[in-house]
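A short write-up of the structure that comes next.
Sequence lines set the chain letters: A, B, ... in the order given, protein chains first and strands last, and positions in each chain run from 1. Below, all heavy atoms of this structure are taken into account, side chains as well, without hydrogens, waters or symmetry copies.
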Protein chains: 2
Amino acid sequence: MAESDAKTPRERYRAQVREEIKKHAWEQIADAGASALSLNAIAKQIGVSGPALYRYFANRDELITELVRDAYRSLADTFRARAEAGADLAELAHALREWALADPQRYFLVYGTPVPGYRAPEDTTRIASEMMAVLLDACAAVAPDASPAAPLDDHLAEHRAWARDHQAPPSALSRALLFWTRLHGVLSLELAGHFTGMGFDPAELYAAEIRALANP
Amino acid sequence: MAESDAKTPRERYRAQVREEIKKHAWEQIADAGASALSLNAIAKQIGVSGPALYRYFANRDELITELVRDAYRSLADTFRARAEAGADLAELAHALREWALADPQRYFLVYGTPVPGYRAPEDTTRIASEMMAVLLDACAAVAPDASPAAPLDDHLAEHRAWARDHQAPPSALSRALLFWTRLHGVLSLELAGHFTGMGFDPAELYAAEIRALANP
DNA sequence: CGCGTTCGTTAGAAGTTATAACTGGCAGCT
DNA sequence: AGCTGCCAGTTATAACTTCTAACGAACGCG
């Protein structure tokens with residue numbers, strides 16, 4: 001998958017085994033969730049005996065953290081790829097939904113229930129910032145509306161540390177934040193199954209939010 | 001806490017012990033999440049030995065399911081109580097946020113990452129319907145806007161099975177759904193810590209969404 | 001070609017959930 | 001009041017889990 005460009009044969013083998021471990025880990029997560037991930041079961045599937053995996057991951061948490069990292073990277077990559085292909089806000093939204101529906105548990109690995117004590121590693125927050133930069137670009141490209149600055153705009157104008165040095169206007173900051181929270185709201189409830197049996201189509205709800213975000 | 005109105009002393013004692021088990025379970029969940037809940041640890045805290053708890057809960061899942069049930073009931077109760085006190089949509093929204101902030105892990109027990117195979121028990125969906133009914137009442141009480149019917153309204157007009165026999169107009173159905181998804185979007189990201197370090201106040205974002213929902 | 005790093009093994013400790021079998025005491029009925 | 005039966009809580013045990021320690025073997029680098 002990723003960094004197979006290693007020098008020594010040992011490192012190449014090592015990266016290969018790590019990828020195989022992660023592959024089986026993803027399969028387990030896909031059909032039982034991250035909390036049910038069992039190192040022993042992975043070892044059995046690969047054909048090695050339990051403790052062998054500890055040569056590749058210090059412990060279960062490190063493996064899961066690595067999967068979280070990959071999930072973040074995957075989302076950021078699809079996001080950036082679409083943006084570089086000239087996607088507007090609506091197309092980014094659809095990309096997000098496709099990415100989420102492709103593997104719900106992967107989505108939950110990024111945006112799901114956190115363990116109270118857990119500190120996200122530095123690079124995931126860095127990747128999140130990259131995604132936010134892409135999103136801010138798309139929001140800044142939207143034709144500015146004539147409506148007066150809302151209270152949220154004013155607040156964000158004074159608290160824009162999260163936008164780094166991005167020169168987006170306050171209205172774009174608001175739009176980016178609302179893009180994030182509203183789409184996540186629909187997506188996470190849909191993926192968690194809270195809409196099942198209600199009879200309506202979540203895609204319609206999602207589309208409605210996209211329209212609302214495009215022209216506020 | 002709840003049904004202490006039992007007939008026989010045995011039943012009363014039994015209900016009391018169940019409540020004590022759940023009390024310690026909530027404490028564990030509050031500071032380590034539901035996945036870290038340990039029956040053994042609870043037994044140790046109470047002062048009995050491991051397997052004793054199986055007299056009161058068939059297994060770990062049944063205990064967690066019971067906690068989920070209680071969480072649903074708690075949310076529905078605060079919701080209904082506020083509504084009966086004459087709360088409008090904005091006040092219901094604030095009640096939701098207070099309830100969520102009071103115990104984030106309780107919120108995640110209801111709206112967090114689901115276990116793929118898990119089927120929610122019948123009564124939780126029934127409680128969810130009750131909450132939706134309260135929400136629909138509040139939405140129907142909002143002054144109808146003059147704006148033409150949006151595509152979402154049209155879709156929901158034909159797919160309103162989830163509203164049961166509630167006579168709310170399509171615009172109210174839309175508003176209720178958006179109330180749910182948008183507020184959940186902000187809340188769940190806030191509780192999961194995705195806003196920490198970004199520098200803005202999540203309450204401002206939440207308030208902005210409430211304003212947007214009040215006059216669309 | 002040797003030597004050292006590293007990989008995989010087995011053994012085992014310390015947890016977990018959950019079941020089985022036993023014992024003690026309380027409750028309720030006569 | 002006394003007897004009886006149910007039931008709570010016990011220990012023992014099985015089958016898991018993560019993870020450490022110590023050992024042997026294989027691989028690759030100098």
Return the value, rounded to whole Å, for the distance between atom [atom1] of [X] and atom [atom2] of [N].
| X | N | atom1 | atom2 | result |
| --- | --- | --- | --- | --- |
| Arg14(B) | dC6(D) | CZ | P | 16 Å |
| Asp61(B) | dT16(C) | CG | C1' | 14 Å |
| Gln28(A) | dT18(D) | CD | C1' | 14 Å |
| Ile21(A) | dG8(C) | CD1 | C1' | 12 Å |
| Glu20(A) | dC7(C) | CD | P | 15 Å |
| Ile42(A) | dC19(D) | CD1 | C1' | 15 Å |
| Glu11(A) | dC7(C) | CD | P | 10 Å |
| Leu39(A) | dG8(C) | CG | C1' | 16 Å |

| message | Arg182(B) vs Thr181(A), test: side chain to side chain donor-acceptor pair (under 3.5 Å). Steps then yes/no. | response | CA-CA 7 Å; Arg182(B) 288 183 182 179; Thr181(A) 62; over 6 Å; no
With a 4.0 Å cut-off on heavy atoms, is [X] in touch with a base, just the backbone sugar-phosphate, or nothing at all?
| X | result |
| --- | --- |
| Asn40(B) | base |
| Phe57(B) | nothing |
| Ile46(A) | nothing |

| task | Might you work through the side chain to side chain contact (heavy atoms under 4.5 Å, CB included) test for Leu178(A) and Leu205(B), ending with a clear yes or no? | result | CA-CA 8 Å; Leu178(A) 293 177; Leu205(B) 182 52; 3.7 Å; yes
| query | Counting side-chain heavy atoms from C-beta on, which of dC19(D), dA18(C), dC7(C) comes nearest to Arg60(B)? | reply | dA18(C)
| said: Is there a side-chain contact between Tyr56(A) and the phosphate of dG8(C), meaning an N or O under 4.0 Å from OP1 or OP2? | reply: yes
| message | Is there a side-chain contact between Tyr13(A) and the phosphate of dG8(C), meaning an N or O under 4.0 Å from OP1 or OP2? | response | yes
| Is Lys23(B) salt-bridged to Glu20(B), going by a charged N under 4.0 Å from an acidic O? | no
| request: Apply the test side chain to side chain donor-acceptor pair (under 3.5 Å) to residues Tyr118(A) and Thr65(A): give CA-CA distance (whole Å), side-chain angles for both, the deciding distance (0.1 Å), then the verdict. | output: CA-CA 10 Å; Tyr118(A) 184 73; Thr65(A) 297; 3.2 Å; yes
Pick out the pairs of N or O atoms, protein on one side and nucleotides 24-28 of chain D on the other, that lie under 3.5 Å.
from	atom 1	to	atom 2	distance (Å)
dC27(D)	O2	Arg10(A)	NH2	3.1

| message | Does the structure place the NZ or CZ of Arg18(A) under 6.0 Å from the centre of the six-membered ring of Tyr56(A), at an angle of no more than 45° from the ring's axis? | response | no
| note | Result for side chain to side chain contact (heavy atoms under 4.5 Å, CB included) between Tyr107(B) and one of Leu187(B), Leu101(B), Leu75(B) points to Leu187(B)
| request: Determine whether the side chains of Arg164(B) and Ser129(B) contain a donor N or O and an acceptor N or O closer than 3.5 Å. | output: yes
| request: For side chain to side chain contact (heavy atoms under 4.5 Å, CB included), just list the numbers for Glu209(B) and Phe179(B), CA-CA rounded to whole Å, side-chain angles, deciding distance to a tenth of an Å, and then say yes or no. | output: CA-CA 8 Å; Glu209(B) 285 293 47; Phe179(B) 177 97; over 6 Å; no
Between the protein and nucleotides 9-13 of chain C, which nitrogen or oxygen pairs are less than 3.5 angstrom apart?
from	atom 1	to	atom 2	distance (Å)
dT9(C)	OP2	Ser49(A)	N	2.8

| message | Show the nearest heavy-atom pair for residues Ala133(B) and His166(B), with the distance to one decimal. | response | O-NE2, 3.9 Å
